[in-house]
*Asks:* 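Before anything else, here's the structure in question.
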Amino acid sequence: MVGCPVVDCIDYGIDDRHGRTVTLCPVTDDNWRAVADVAPRDDQRAFVAALGARYLLLSMREEVWHSLAICAADRVVGHVMWAFDPSETTHWLGGMIVDADHQGHGIGRAAVRTLVRWLATHADCREIRLSYHPANTSAARLYETLGFTPTGQQEEGELIAALPIGD
């Protein structure tokens, strides 16, 4: 996989289970192909896009989502995106994929912790939301252990969970 840029990355020193620091980096001319090629395990394709390219296109075409490369040891290993809904003063986390070859090492957990910590620094951040497929029990467990709680709402057939920020 292609390397991540060393500037403008979001880095709180959060490591995966192998001691690799996980950072969130801009998608650049140098790494966009590596981000686009990120692919989950086959059994996860019912829950997420088959390739990171779909999420990159959403970020580029809809101008709502902001894509970030997930990097471990300065290599692209995943994709995550975030958005802000000003009508509800809510930040959203979405489109997270960790490449199949890098799963099971705590990269997803470290990426979510890093993004939450960074979003929480925004003055307008009161709550972070995300959604996941009801059958995606792995995602449900991960988000619950990170403090997200189901809201009882759904969007496009996915359960919404929220993490309050501040007070």
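The residues of the chain are indexed from 1 along the displayed sequence. Side chains included, hydrogens not; waters and symmetry mates left out as well; all remaining heavy atoms used.
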*Asks:* Could you measure the distance from the CG atom of Leu56 to the CG atom of Asp37? Nearest 0.5 Å is fine.
*Replies:* 10.0 Å

*Asks:* Is any side-chain heavy atom of Val80 closer than 4.5 Å to a side-chain heavy atom of Leu24?
*Replies:* yes

*Asks:* For the CZ atom of Phe84 and the CD1 atom of Ile128, what is their distance to the nearest 0.5 Å?
*Replies:* 11.5 Å

*Asks:* Is there a donor-acceptor contact under 3.5 Å from the side chain of Asn136 to the main chain of His133?
*Replies:* no

*Asks:* Taking Leu51 as the starting point, is it possible to reach Ile107 by hopping between hydrophobic residues whose side chains are less than 4.5 Å apart?
*Replies:*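 No, Ile107 and Leu51 fall in different hydrophobic clusters.
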
*Asks:* Val112 and Leu93: which non-hydrogen atoms are nearest, and at how many Å?
*Replies:* CG1-CD1, 4.1 Å

*Asks:* Arg109 versus Thr145: any side-chain heavy-atom pair under 4.5 Å?
*Replies:* yes

*Asks:* What residues form a salt bridge (charged side-chain N to carboxylate O under 4.0 Å, His left out) with Arg41, not counting sequence neighbours?
*Replies:*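 Applying salt bridge (charged side-chain N to carboxylate O under 4.0 Å, His left out) to Arg41 gives Asp43.
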
*Asks:* Could you measure the distance from the CG atom of Leu119 to the SG atom of Cys125? Nearest 0.5 Å is fine.
*Replies:* 5.5 Å

*Asks:* Can you classify the ring geometry of Tyr55 versus His79 as parallel (below 30°), tilted (30 to 60°) or perpendicular (above 60°)?
*Replies:*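 If you compare the ring of Tyr55 with that of His79, the planes turn out parallel.
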
*Asks:* Should the heavy atoms of other residues, nucleotides or ligands under 6.0 Å from CD of Gln154 be counted, would the total exceed 12?
*Replies:* yes

*Asks:* Test side chain to side chain contact (heavy atoms under 4.5 Å, CB included) on Leu130 and Met96 and set out the steps.
*Replies:* CA-CA 10 Å; Leu130 51 79; Met96 186 168 76; over 6 Å; no

*Asks:* Met60 and Val27: same hydrophobic cluster, using ILVMFWY side-chain contacts below 4.5 Å?
*Replies:*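 No, separate clusters.
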
*Asks:* Counting only N and O atoms by type, is there a donor-acceptor contact under 3.5 Å from the side chain of Gln103 to the main-chain atoms of Pro40?
*Replies:* no

*Asks:* Quick check: does any side chain N or O of Arg20 sit under 3.5 Å from a backbone N or O of Arg17, one acting as donor and the other as acceptor?
*Replies:*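 Judged by distance alone, no pair lies under 3.5 Å.
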
*Asks:* Around atom CZ of Arg54, are there more than 12 heavy atoms of other residues, nucleotides or ligands at under 6.0 Å?
*Replies:* no

*Asks:* Mind checking whether Tyr12 and Leu146 sit in one hydrophobic cluster, side chains of I, L, V, M, F, W, Y counted as touching below 4.5 Å?
*Replies:* yes

*Asks:* Report the distance from atom CG of Leu68 to atom CG of Asp8, rounding to the nearest 0.5 Å.
*Replies:* 11.0 Å

*Asks:* If you take all heavy atoms of Val76 and Ala69, which pair is closest and at what distance?
*Replies:* CG2-CB, 4.4 Å

*Asks:* Within the structure provided, determine whether Ile14 and Val22 are in side-chain contact (heavy-atom separation under 4.5 Å).
*Replies:* no

*Asks:* Looking only at atom types and distance, does a side-chain atom of Asp15 sit under 3.5 Å from a main-chain N or O of Gly106, one as donor and one as acceptor?
*Replies:*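 No.
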
*Asks:* Indicate the ring-plane relationship of Trp82 and Trp118, choosing parallel, tilted or perpendicular according to the 30° and 60° boundaries.
*Replies:* perpendicular

*Asks:* Against Ser131, only a single residue in Gln153, Glu158, Glu156, Glu155 fulfils side chain to side chain donor-acceptor pair (under 3.5 Å); can you say which?
*Replies:* Glu158

*Asks:* What's the separation between atom CD in Glu127 and atom CZ in Phe148, rounded to the nearest 0.5 Å?
*Replies:*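 Spacing of CD (Glu127) from CZ (Phe148) equals 9.5 Å.
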
*Asks:* Once you find the SG atom in Cys25 and the one in Cys9, is the distance between them below 2.5 Å?
*Replies:* yes

*Asks:* Can you find a heavy atom in the side chain of Tyr132 that is under 4.5 Å from one in the side chain of Pro150?
*Replies:* yes

*Asks:* Would you kindly confirm whether Val64 and Met81 end up in one hydrophobic cluster when ILVMFWY residues are joined by side chain heavy atoms under 4.5 Å apart?
*Replies:*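 Yes, one cluster joins them.
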
*Asks:* Is the closest side-chain donor-acceptor distance between Arg129 and Thr151 under 3.5 Å?
*Replies:*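 No, Thr151 and Arg129 have no side-chain donor paired with an acceptor closer than 3.5 Å.
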
*Asks:* Rounded to the nearest 0.5 Å, what separation is found between the CZ atom of Arg75 and the OG1 atom of Thr23?
*Replies:*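 Here the interatomic distance stands at 12.0 Å.
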
*Asks:* Checking Asp99 side chain against Gly78 main chain: does a donor-acceptor pair fall under 3.5 Å?
*Replies:*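 No; judged by distance alone, with no hydrogens or angles, the pair does not exist.
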
